[in-house]
Amino acid sequence: MEPQMPPASEGSSPTHTCACCGGGSFRLRHTWPVGDHWNLCSIPLSIWDCQTCGLTSLWPVPLPEQYPDGGDWFSPKRQNLSRKYAFKYAKRRLINRIFGSNPERFMAMCVRAKPSGRFLDVGCGNGHYLAMASKHYQECVGVEPSPIGAAEAEARGFRVFRDVIETAPVESGYYDAVLMDSVIEHVRNPVETLRICHRVLAPGGIVALQTPKLGGPASRIHGRGWYGFRHGYHTFLYTGKTLGACLDKAGFDVLARPKRDRMADDILVLIGRKRD
């Protein structure tokens, strides 16, 4: 699959059309020059909003050699910009103790929408979700481009396509649930990626998406320093409206429940059911 956004020269404005609506008019939201605290890449980074549908995208998208360690998500260099707020982590520990961890809650939402069958984790990392899913699903398979993450998932006994979903030889019409936690913000064209999920799903199958929520409290407070940008690594950012529009265009009906898209949410969860 050809990427929606080909490489561009430094500092250029978008030359592509919007991946969701096809519009060609964009408004600059934020920019980070080379050497900025938030920019670990070797080119300037800019975030743009489509003026037709509101979908937010990165332009230009760095080439692999312009990222630290070639852009490997598991590289320790990527962690350098993480905030280490004691209150933040204390709050998270309390929430996890009362309600369960965020992965546990997301997995529970996926199971609620599709309780059994064959499960595919796109961006499976070290296989954490696959281990949880194996308690509910008869077959659990991963897709992971990082050799570091894929090796750990395979060591847990899971079959893993060492590739991205756009080019992995995943079986068509085979899976009942596709989970994508913190993946849809990394792709080169969200609608095309979701269409591939539609292809690999059996009739009535679901895709469960979790992603940082643009417009949530944290993004409003931190502005251009919002960690949800994962500066240079996240190619798209979503509101509930724009992610829902991408799902609809890819052939999914967005479920009213379960989902997570409240005013106070910093994490967005939407689940789409395959529309045949």
Side-chain angles (χ1 to χ4, degrees), residues 1-7 19 40-43 45 57-82 103 106-107 110 118-134 139-172 174-175 177-201 207-212 228-238 246 250:
M1 182 187 71
E2 292 297 322
Q4 176 74 14
M5 299 188 299
L40 295 179
C41 295
S42 61
I43 64 169
L45 301 173
S57 58
L58 173 71
W59 180 266
V61 177
L63 299 170
E65 60 268 24
Q66 295 169 328
Y67 290 98
D69 283 351
D72 191 321
W73 184 250
F74 290 90
S75 166
K77 293 182 180 179
R78 185 189 60 82
Q79 305 296 335
N80 289 345
L81 300 181
S82 177
F106 183 42
M107 188 76 246
C110 183
R118 298 185 179 101
F119 175 88
L120 182 69
D121 183 6
V122 177
C124 68
N126 64 10
H128 181 60
Y129 276 107
L130 293 173
M132 288 192 290
S134 65
E139 182 179 354
C140 298
V141 179
V143 178
E144 176 54 56
S146 169
I148 300 172
E152 292 188 30
E154 289 167 345
R156 290 183 167 196
F158 296 106
R159 180 164 66 101
V160 178
F161 294 98
R162 291 192 172 204
D163 204 342
V164 293
I165 187 63
E166 290 82 2
T167 54
V170 180
E171 305 91 331
S172 296
Y174 186 75
Y175 296 93
V178 172
L179 180 142
M180 301 176 73
D181 181 10
S182 302
V183 171
I184 197 65
E185 64 270 22
H186 293 275
V187 303
R188 302 301 288 267
N189 184 319
V191 173
E192 290 303 316
T193 297
L194 290 170
R195 283 175 175 158
I196 292 170
C197 293
H198 188 281
R199 174 182 62 79
V200 306
L201 282 167
V207 59
L209 307 173
Q210 179 164 251
T211 186
F229 285 125
R230 298 291 173 96
H231 302 73
Y233 292 87
H234 286 182
T235 49
F236 289 90
L237 280 302
Y238 306 90
C246 290

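For reference, positions follow the sequence shown, starting with 1.
- Residue Phe161 holds its CZ atom at 4.5 Å from CD of Glu171, rounded to the nearest 0.5 Å.
- In this structure, His198 and Ala250 approach most closely via the heavy-atom pair CD2-O, 3.7 Å.
- Taken to the nearest 0.5 Å, the CE atom of Met180 stands 6.0 Å off from the CG atom of Leu194.
- Side chain of Tyr175 to main chain of Val170: no donor-acceptor pair is present (N/O by atom type, distance under 3.5 Å, no hydrogens or angles).
- Contact between Cys124 and Leu130 at its shortest, heavy atoms only, is CB-CD1, 4.0 Å.
- Between Glu192 atom CD and Ile165 atom CD1 the span is 13.0 Å, to the nearest 0.5 Å.
- Checked by atom type and distance alone, the side chain of Tyr67 never pairs as donor or acceptor with a backbone atom of Tyr233 at under 3.5 Å.
- Residues Gly123 and Val183 approach most closely at CA-CG2, 4.0 Å, considering heavy atoms.
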**Prompt:** Given the rule in the side chain to side chain contact (heavy atoms under 4.5 Å, CB included) test, do His128 and Met132 qualify, once you have shown the distances and angles that lead to the verdict?
**Reply:** CA-CA 7 Å; His128 181 60; Met132 288 192 290; 3.9 Å; yes
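- Between Thr193 and Glu166, the side chains place a donor N or O and an acceptor N or O closer than 3.5 Å (distance only, hydrogens not considered).
- In terms of heavy atoms, Leu201 sits closest to Val207 at CD1-N, 4.2 Å.
- Closest heavy-atom contact between Pro190 and Ala19: CD-CB, 3.8 Å.
- Every pair passing salt bridge (charged side-chain N to carboxylate O under 4.0 Å, His left out) that includes a residue from residues 140-158 is listed here, sequence neighbours excluded: Glu154-Arg162.
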**Item:** Steps toward side chain to side chain contact (heavy atoms under 4.5 Å, CB included) verdict (Phe229, Leu237)
**Value:** CA-CA 7 Å; Phe229 285 125; Leu237 280 302; 4.1 Å; yes
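- For the atom pair SG of Cys246 and CG of Leu209, the computed distance is 9.5 Å after rounding to the nearest 0.5 Å.
- Note that NE2 of His231 and SG of Cys41 are 10.5 Å apart. Values are rounded to the nearest 0.5 Å.
- Residues Ser182 and Arg230 have side chains not in contact (no heavy-atom distance under 4.5 Å, counting atoms from C-beta outward).
- For Glu139, the salt bridge (Lys or Arg N to Asp or Glu O under 4.0 Å) partners at least two apart in sequence or on another chain are Arg118, Arg159.
- Put simply, OG1 on Thr235 and CD on Glu185 are 8.0 Å apart, with the number rounded to the nearest 0.5 Å.
- The aromatic rings of Tyr129 and Phe106 sit perpendicular to each other, their planes meeting at more than 60°, with 30° as the lower class boundary.
- Across all their heavy atoms, Pro62 and Leu45 have their closest contact at CG-CD2, 3.7 Å.
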